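In what follows, a structure is listed as structure tokens, so that the remarks can point back to it.
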Amino acid sequence: MNPIERLRAQLERVAAELGAEGTAAQLERPRNPEHGDLATNLAMTLAGRLRRPPRLIADQILERLSLAEAGVAAAEVAGAGFINFRLAGGVVQGQLLHIVKADRDFGRAAAPTGQRWQVEFVSANPTGPLHVAHGRGAALGDAIASLLQWSGHEVEREFYVNDAGVQIGKLGESLDARWRELQGQSASIPDGGYHGSYVTELARQVDAEQHERLASLDADARVAFLKDWGVAALEREQDETLRAFGVRMDSYYPESRVYQEKLVETTLQELAARGLTYEGEGALWLRTTDFGDDKDRVLVKSDGTYTYFAPDIAYHRDKIGRGFDHGIDIWGADHHGYVPRMKAALAALGHPEFLTVEIVQMVRIVRGGEEVKMSKRAGDFVTLRELFEETGADVARYFFLMRRGDAQMLFDLDLALDHSEKNPVYKVQYAHARLASIFRKAGLDPAALEAQNADLTRLTLRVEQDLIKQLDRFPDVVTRAAEGRSPHLVCEYLEETSGMVNSWYHGGNPSRNPELAVLVGDPALRAARLVLARGIQVVLRNGLELLGLTAPDRMEREETA
RNA sequence: GCGCUCGUAGCUCAGUUGGAUAGAGCGUUGGCCUCCGGAGCCAAAGGUCGCGCGUUCGAAUCGCGCCGAGCGCACCA
């Protein structure tokens with residue numbers, strides 16, 4: 001049990017003694033250091049219930065606390081009724097030992113929750129390469145999945161492949177048109193078809209590999225063949241892009257499976273059995289308005305075919321059937337209007353709480369103050385791959401993650417390509433690499449450090465203690481980020497921590513302040529500071545890896561002219 | 001017209017679920033430094049939290065109404 005938990009337990013006991021049973025005491029780390037290490041607003045929240053002024057209640061709470069037992073050196077009532085606590089010497093340093101020993105588990109939930117979660121993301125149609133917005137969804141979905149794992153849930157990452165339906169047909173026809181052009185015939189891309197240059201490129205490839213076969217097929221068979229070939233090629237391309245981007249899916253679920261396994265039929269039967277569908281104007285409707293939607297939605301069109309909605313419900317129903325307790329979908333902003341009906345459909349099936357949809361907003365890329373358009377002009381980015389091949393996967397991922405997903409973002413390409421510490425990614429990675437460099441200089445393996453032999457009470461400097469307190473916040477940040485599906489909180493934390501680390505590090509510049517360097521002459525102090533260096537490394541590495549980035553031991557030096 | 005998201009420093013954005021004097025990075029200005037690893041360090045200036053009303057001990061945060069930006073409102077996918 002850490003100091004926070006001990007103190008919280010005491011506060012809740014005292015609240016009960018004062019007549020407010022079942023109160024959850026909030027303990028926070030004040031931004032302002034003058035407010036101590038920990039603070040609670042308990043007295044203010046009890047004021048209404050106990051019908052006494054907050055400051056009086058605060059005094060009464062203080063009288064009943066066993067401060068020494070909780071590792072608190074001093075406490076005082078402040079402001080409108082806050083109680084501020086200052087931790088005893090040695091308590092803070094003790095947390096450092098815990099961090100180093102926990103190592104890769106520091107920040108991770110102590111025990112599994114037993115819950116199975118599924119995160120569905122990217123889910124691009126196999127009709128073209130992944131573009132930049134998919135990248136943001138990929139980075140976000142992957143990081144959210146990791147956060148849930150760190151919170152103790154069992155998590156599966158899934159990509160839903162729309163390999164059936166109209167779009168795919170258009171791909172086949174577009175590919176066929178380009179292929180015929182290659183044969184010297186006149187042909188044109190159909191309405192709603194794909195005009196991208198990648199289609200021409202694919203036509204060239206398939207012609208090189210399968211020319212005779214294509215020439216021998218009649219028109220319908222050829223389009224069908226090109227469709228299958230094109231889908232397979234684009235799926236492979238998307239998969240390779242994601243891998244290069246550092247995203248590994250656990251499962252690819254093809255829409256065609258929904259049809260093969262007759263899932264739409266069984267889903268419609270269940271909805272009908274629940275009395276939630278009706279016929280009207282020649283179509284079959286679902287009463288989504290019973291579950292909060294604006295209007296009822298069509299499941300089967302008057303021409304007898306399914307809307308997109310029907311197989312999508314069937315797919316989500318299947319997720320529940322596969323035993324997941326909770327599903328998170330990462331959708332692009334252009335689909336946000338679709339959320340109420342999907343939730344309504346699942347509510348109609350008896351699972352109103354299953355689905356959470358996270359909306360990923362648009363990304364605009366800016367270079368030299370000018371927006372880079374998503375057109376095919378020279379030098380502009382069209383695909384995700386082009387973007388991260390220029391910036392590096394770590395940088396692109398971090399940039400996508402450092403802003404809230406549900407707000408539009410500007411991707412500053414100049415900043416992304418900057419290799420100094422102005423670039424937040426390098427700021428964090430440099431901090432990690434510097435510490436590795438210290439261990440190299442000392443000739444030590446940081447992972448083999450015997451932290452328990454060091455006298456950590458030697459870490460008496462303000463910066464050192466502030467750093468330890470900062471490191472100790474990490475698990476809290478992870479929990480908060482997981483609850484809010486907000487990886488950007490981890491980014492902010494890492495940048496803030498790295499700022500402190502870099503400042504601490506530079507403060508110990510041997511040419512100026514050798515007594516502040518990690519590798520000082522005093523062996524005991526040196527040993528203690530090495531433990532701190534190790535603790536920092538553990539936290540930065542855990543944070544970076546949680547976000548899907550690497551934690552390098554050395555940065556590549558750029559050969560600049 | 002209706003719905004969703006958003007509006008915070010010159011710019012890009014946070015804001016611990018309603019807490020104390022609203023923060024960070026970049027940019028700007030001033031001063032150091034050339035290193036246990038860099039274009040680094042320290043400091044300063046910079047705010048009507050879009051506007052108004054309300055809720056309460058307390059509002060950037062919650063509610064209502066305006067103003068503005070983006071997206072969405074199919075028997076398309």
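Below, read A as the first sequence line, B as the second, and so on, with proteins coming before strands; counting in each chain starts at 1. Remember, it's a predicted structure, so these values are computed and weren't measured experimentally.
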Kindly confirm or rule out a cation-pi arrangement of A/R397 over A/F399, judged by NZ or CZ under 6.0 Å from the six-membered ring centre and within 45° of its axis?
no
Given B/C75, B/C36, B/G19, which nucleotide is nearest the side-chain atoms of A/Y505?
B/C36
What's the gap between B/G25 and B/G37 when it is taken at their P atoms, as a whole Å value?
25 Å
Using centres under 5.5 Å plus planes under 30 degrees as the test, is A/F82 stacked with B/G19?
no
Could you check B/U29 for me: syn (within 90° of 0) or anti?
anti
B/G38 -> Watson-Crick or G-U wobble partner, both distances under 3.5 Å, gives none
For atom CD of A/Q408 and atom P of B/G7, their distance in whole Å
11 Å
Can you tell me if the side-chain N/O atoms of A/K301 get under 4.0 Å from OP1 or OP2 in B/A77?
yes
What's the closest nucleotide to the side chain of A/L410 if the choices are B/C41, B/U12, B/C75?
B/U12
Can you find a side chain N or O atom of A/K427 that sits less than 4.0 Å from OP1 or OP2 on B/G40?
no
Within the structure shown, what part of the strands sits under 4.0 Å from A/A39 by heavy-atom distance: base, sugar-phosphate, or nothing?
base
Rounding to an integer number of angstrom, what distance separates B/G52 and B/A60 when you compare their P atoms?
13 Å
Nearest to the side chain of A/L489, which nucleotide is it out of B/G15, B/G37, B/U16?
B/G15
Would you classify A/N84 as touching base, sugar-phosphate or nothing, given that sugar-phosphate means primed atoms plus P, OP1 and OP2, and contacts are heavy atoms under 4.0 Å?
base
Counting only Watson-Crick pairs (N1-N3 plus N6-O4 or O6-N4) and G-U wobbles (N1-O2, O6-N3), all under 3.5 Å, who is the partner of B/U17?
none
Determine the interatomic distance between P on B/C73 and the same-named atom on B/U16; round to the nearest Å.
32 Å
Rounded to whole angstrom units, what separation is found between the CZ atom of A/R341 and the P atom of B/C2?
20 Å
Determine the interatomic distance between C1' on B/G63 and the same-named atom on B/U55; round to the nearest Å.
7 Å
Classify the side chain of A/T307 versus the base of B/C75 as yes if they form a donor-acceptor pair under 3.5 Å and no if they do not.
no
Given the structure, check if the side chain of A/R434 and the base of B/G38 hold any donor-acceptor pair shorter than 3.5 Å.
no
Rounded to whole angstroms, how far apart are NE2 on A/H335 and P on B/C4?
19 Å
Among the nucleotides B/A20, B/G37, B/U5, whichever has the atom closest to the side chain of A/Q361 is B/U5
Give one of base, sugar-phosphate or nothing for A/M409, where a contact means two heavy atoms less than 4.0 Å apart.
sugar-phosphate
B/C13 versus B/C53 - spacing of their P atoms, nearest Å:
30 Å
Of the options B/U12, B/G37, B/C36, whose atoms approach the side-chain atoms of A/I438 most closely?
B/C36
Is any side-chain N of the basic residue among A/R55 and A/D59 closer than 4.0 Å to the acidic one's carboxylate O?
no
Could you point out which residue of A/R136, A/R364, A/R404 forms a side-chain contact (heavy atoms from CB on, under 4.5 Å) with A/M409?
A/R136
Counterpart base for B/C6, defined by Watson-Crick or G-U wobble contacts under 3.5 Å:
B/G68
Tell me whether the centres of the aromatic rings in A/F159 and A/F121 are closer together than 6.0 Å.
no
Under 4.0 Å between a side-chain nitrogen and a carboxylate oxygen: does that hold for A/R473 and A/E496?
yes
Can you find a side-chain donor-acceptor pair between A/D296 and A/Y278 that sits under 3.5 Å?
yes
Any donor-acceptor pair under 3.5 Å joining the side chain of A/D334 to the base of B/A77?
no
How would you label the contact of A/H506 with the nucleic acid (heavy atoms, under 4.0 Å): base, sugar-phosphate, or nothing?
sugar-phosphate
Between A/R526 and A/D522, is there a side-chain N and carboxylate O pair less than 4.0 Å apart?
no
Which of B/G19, B/U17, B/C41 is nearest the side chain of A/Q26? It is B/U17
Does any N or O in the side chain of A/N125 come within less than 3.5 Å of the main-chain N or O of A/T127, such that one atom is a donor and the other an acceptor?
no
Ignoring hydrogens and angles, tell me if any N or O in the side chain of A/N502 forms a donor-acceptor pair with the backbone of A/S498 under 3.5 Å.
yes
Could you tell me the separation between the CZ atom of A/R55 and the P atom of B/C57, rounded to a whole number of Å?
18 Å
Find the distance A/E279:CD to B/C75:P and express it as a whole number of Å.
16 Å
C1' atom, B/U8 versus B/A22: distance in rounded Å?
8 Å
Using the C1' atoms only, state how far B/C33 lies from B/A39, rounded to an integer number of Å.
13 Å
Across the strands shown, which category fits A/D406 at heavy-atom distances under 4.0 angstrom: base, sugar-phosphate, nothing?
sugar-phosphate
In whole angstrom, give the distance that lies between atom CD of A/E421 and atom C1' of B/C41.
10 Å
Measure the distance from CG on A/D553 to P on B/G37 and round it to the nearest whole Å.
15 Å
If pairing requires Watson-Crick or G-U wobble contacts with both distances under 3.5 Å, which nucleotide is the partner of B/C53?
B/G63
A/H488, nearest nucleotide to its side chain (from B/A39, B/A77, B/A14)
B/A14
Winner on side-chain proximity to A/K441, out of B/G19, B/G15, B/C36, is B/C36
Quick note, A/S437 side chain, CB onward, closest among B/G37, B/G19, B/U12 is B/G37
At under 4.0 Å between heavy atoms, what does A/R554 touch on the DNA or RNA strands: base, sugar-phosphate, or nothing?
base
Considering Watson-Crick and G-U wobble pairs with both distances under 3.5 Å, what does B/G1 pair with?
B/C73
Residue A/K295, side-chain atoms from C-beta onward, closest of B/G15, B/C75, B/G19:
B/C75
Atom-to-atom span, CG of A/L415 to C1' of B/A24 - whole angstrom:
14 Å
Tell which nucleotide pairs with B/C11, taking only Watson-Crick or G-U wobble pairs whose two distances are both under 3.5 angstrom.
B/G25
Can you find a donor-acceptor pair, distance only, under 3.5 Å between A/H336 side chain and B/G3 base?
yes
Find which nucleotide of RNA chain B each of A/H35 and A/G282 is nearest to by heavy atoms, and output the residue with the more 5' nucleotide.
A/H35
In plain terms, say whether A/E173 and A/K227 are close enough for a salt bridge, that is, a side-chain N and a carboxylate O under 4.0 Å apart.
no
With a non-hydrogen cut-off below 4.0 angstrom, is A/T305 in contact with a base, only sugar-phosphate, or nothing?
nothing
With a non-hydrogen cut-off below 4.0 angstrom, is A/A283 in contact with a base, only sugar-phosphate, or nothing?
base
Name the residue closer to the 5' end of RNA chain B, choosing between A/Q167 and A/E492 according to the nucleotide with the nearest heavy atom.
A/E492
When the P atoms of B/G23 and B/A44 are compared, how many Å lie between them, rounded to an integer?
13 Å
